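Only this structure's heavy atoms are used, side chains among them; waters, hydrogens and symmetry mates stay out. Just so it is clear, the structure is predicted and the values come from calculations on it, not from any experiment. Proteins come first, then strands; the chains are lettered A, B, ... in the order of their sequence lines, and each starts at number 1.
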Amino acid sequence: MLEIRELYASIGEKEILRGVNLTVKPGEVHAIMGPNGSGKSTLSSVIAGREEYQVTSGDVLWDGKSILELAPEERAHLGLFLGFQYPVEIPGVSVSNFVKTALNAVRAARGEEALDASSMLKKMREALQLLEMDKGFLSRSLNEGFSGGEKKRNEIFQMAMLEPRLAILDETDSGLDIDALRIVAQGVNGLRSAKASFVVITHYQRLLDYIIPDVVHVLLNGRIVKVGDKSLAYALEERGYDWIKKEVE
Amino acid sequence: MNDRLSAQYWLHEKELTAYSSDAVRDRRRRAMELFEAKGFPSQRDEDWKYSSLKPVLSPHYALNSPCAALEDEHLEYADIKRFLVNELDAYRVVFLNGRYTSWLSDTTHQGFDVCTLSSAWKKYPETIERYFAQLTEDLGPLAQLNTALAWDGIYVVVPDNVVVDRPIQLLSFTSGSEPRAIQVRNLVVLGVNSQVEIIERHQSLSDQPTWTNSVDEAYLAEGAQLRWVKLQHDGPLASMTQHTRIQQDRSSRSQVHTISTGGRFIRNNLDIVLNGPGAEARMLGLTLGKGKQLVDHHTLVDHRAPNCISHENYKGIYDEGSKGVFNGRIYVHREAQKTDAYQQNANLVLHKTAEVNAKPQLEIFADDVRCSHGCTVGQLDEDALFYLRARGIREPEARAMLMLAFAEDALAGIDHPSLNAKLHKLIAGKLGVDLTLDL
Ligand SMILES: Nc1ncnc2c1ncn2[C@@H]1O[C@H](COP(=O)(O)OP(=O)(O)OP(=O)(O)O)[C@@H](O)[C@H]1O
Ligand SMILES: [Mg+2]
């Protein structure tokens, strides 16, 4: 469903992605690991359509069609979701109205009617319950003053509401305590059973105990240099990246 | 223009002062003489540095008698309905080209006066003598011009311990086939512990340039409360110059919202004089500029007594071609110990052709005070915009959402849901989105 072909992207003069290839099939979970600054967040931003980055060559296909010309919102309408590494604080916009607006925008783009108030509320309640979140969240300003863990949970809450076909989770596990990690994994696995695909970016093998990946990729210097199964994550956790760097050289 | 206005005054002085005492007549005369001596402000004046009155003064305005009855023009309820907050049960005082239109109005004298200045000259000459032009003597030439030529506006006098049961909607329309210049004068006198709320709107109905020059004087006795919403959402050929001066006694409270979303040229002066200990003032402003608009806010909080609080929050969003000015002056006298003064002015500049000139001016002569101020000029947060869009919200809506969120706290304190809804609708319209989006 998602296919990235020989993708090169840069910001200004600086080339960050240097020939990324990645194919994700329906229902699959892919993990991307890699040292700081290797381009993981850049890759997710480019897939989600951040205009700041220039794609200099290669392509990103969704169900076989290029999405590089699409606006970020159009990609979301297709069913793409990006869980941000650093969710943005937006004072004055409440969580509930943000999620309502987003969900109805996605529905409208698909030619579906807006959810009525009670169905919307019901859906929100269920998502909150799944993520063991307090409903006080809903009336707070989006991410404003949220703790690191609360911000990440809020991302998963939005994901549960929007029910994407493919979610990229950029370090959603960073800053989560063990309980939160389990809860977040629950959110992911719930969707997974409905045939959604995931690209999970993480530094820690820990998360992959809960969300078992089909494929693990190592991104180094803007390129995927190694592909393996779950055991690769263990090896990385144990040995770091130096051996891979050497291998590449 | 100066000569024509001065001729208009001397020609009609007799009518204007027919019911007034010599003292009141002399106030008008002195005001006209001051105007004649000084003329209109120019950009050489520090206070008018960024705002040229030239486009306001260039049309050839029809200047007939300021107090003669309405000529041929007429207005029906259907013409004004959409400018009202209809769901609001309110007193209504409606003017057309500076003259009272009784058939569209709903005024009262039961327990308090909500009526017109034009009727008060004759009916309440003592109150007029006591209050008219007593706060405006030191103001600039535009206010002097108004003092000389003013005939009508609202007259609100509330006795001690009376709460005016409904808000007052003040609507001032301009119309006709010629350019119009009108003076509007509002007088508000609130007794001890009395309360009133005013919603003011000026609206041009013509395709000709219009200029409204308005002056408000408000006196708040001990414990009185005044709320005033000024909605400036006029058409692209309408100009507005306004000077509002509110004088507050002990423990009184004022709250003024100035919402400037339309019009060609707007100059607001808002002066709050905190005369008695423990008085409080809240001044909130929201400006949305676009196209050739210029919106100039000059505010003054004059802390003359101890333990007073002033809270000022002005927000501005300036799109292509528009220009904004914010000059916020806070003056704390030596006697005004324990003053708590807060001033915030935040601006979004959305386009390279838009411009804001913001200047806080703090003059503090007391030593035990808390004063804070902040002024920012920035752009829409691109990270926030991407965040919203990545969730499926289309760019125009995402932008509007961020702008509304930015603007929201300047609307704080407007408690009527219907007024609130109306304002949000106007603002959303101005931002170019059809907002079923609530925040
Ligand atoms: N907007 C930008 N301007 C300049 N450089 C950028 C920008 N965005 C990313 N970079 C650079 O691109 C490189 C890759 O950054 P990216 O955020 O994609 O790394 P990452 O793999 O997600 O790292 P981390 O594990 O720390 O999150 C870094 O060197 C970073 O400084
Ligand atoms: Mg990153």
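Within a 6.0 Å sphere centred on CZ of A:Arg110, heavy atoms belonging to other residues, nucleotides or ligands number more than 12. Other residues, nucleotides and ligands place more than 12 heavy atoms under 6.0 Å from the CZ atom of A:Arg107. A 6.0 Å sphere centred on NZ of B:Lys290 holds no more than 12 heavy atoms belonging to other residues, nucleotides or ligands.
Of all residues spanning residues 51-76 of chain A, those with a heavy atom less than 4.5 Å away from chain B's heavy atoms are A:Glu51, A:Ala71, A:Pro72, A:Glu73, A:Ala76, arranged by number. Contacts between residues 376-392 of chain B and chain A, defined by a heavy-atom separation under 4.5 Å, are made by B:Asp381, B:Glu382, B:Asp383, B:Ala384, B:Phe386, B:Tyr387, B:Leu388, B:Arg389, B:Ala390, B:Arg391, B:Gly392. Proximity to chain B at a heavy-atom threshold of 4.5 Å picks out A:Leu142, A:Asn143 from residues 126-153 of chain A, in numerical order.
Legend: residues meeting salt bridge (Lys or Arg N to Asp or Glu O under 4.0 Å) with B:Asp415, ordered by chain and number and at least two apart, are B:Arg227.
No other option in A:Ala108, A:Ala105, A:Pro164 has as many heavy-atom pairs under 4.5 Å with chain B as A:Ala105.
When every heavy atom of B:Met401 is checked against every heavy atom of A:Val93, the shortest pair comes out as CE-CG1, 3.7 Å.
Both the backbone and the side chain of A:Pro87 come within contact range of chain B, with heavy atoms under 4.5 Å apart.
The shortest distance between side-chain heavy atoms of A:Thr101 and B:Glu397 does not fall below 4.5 Å.
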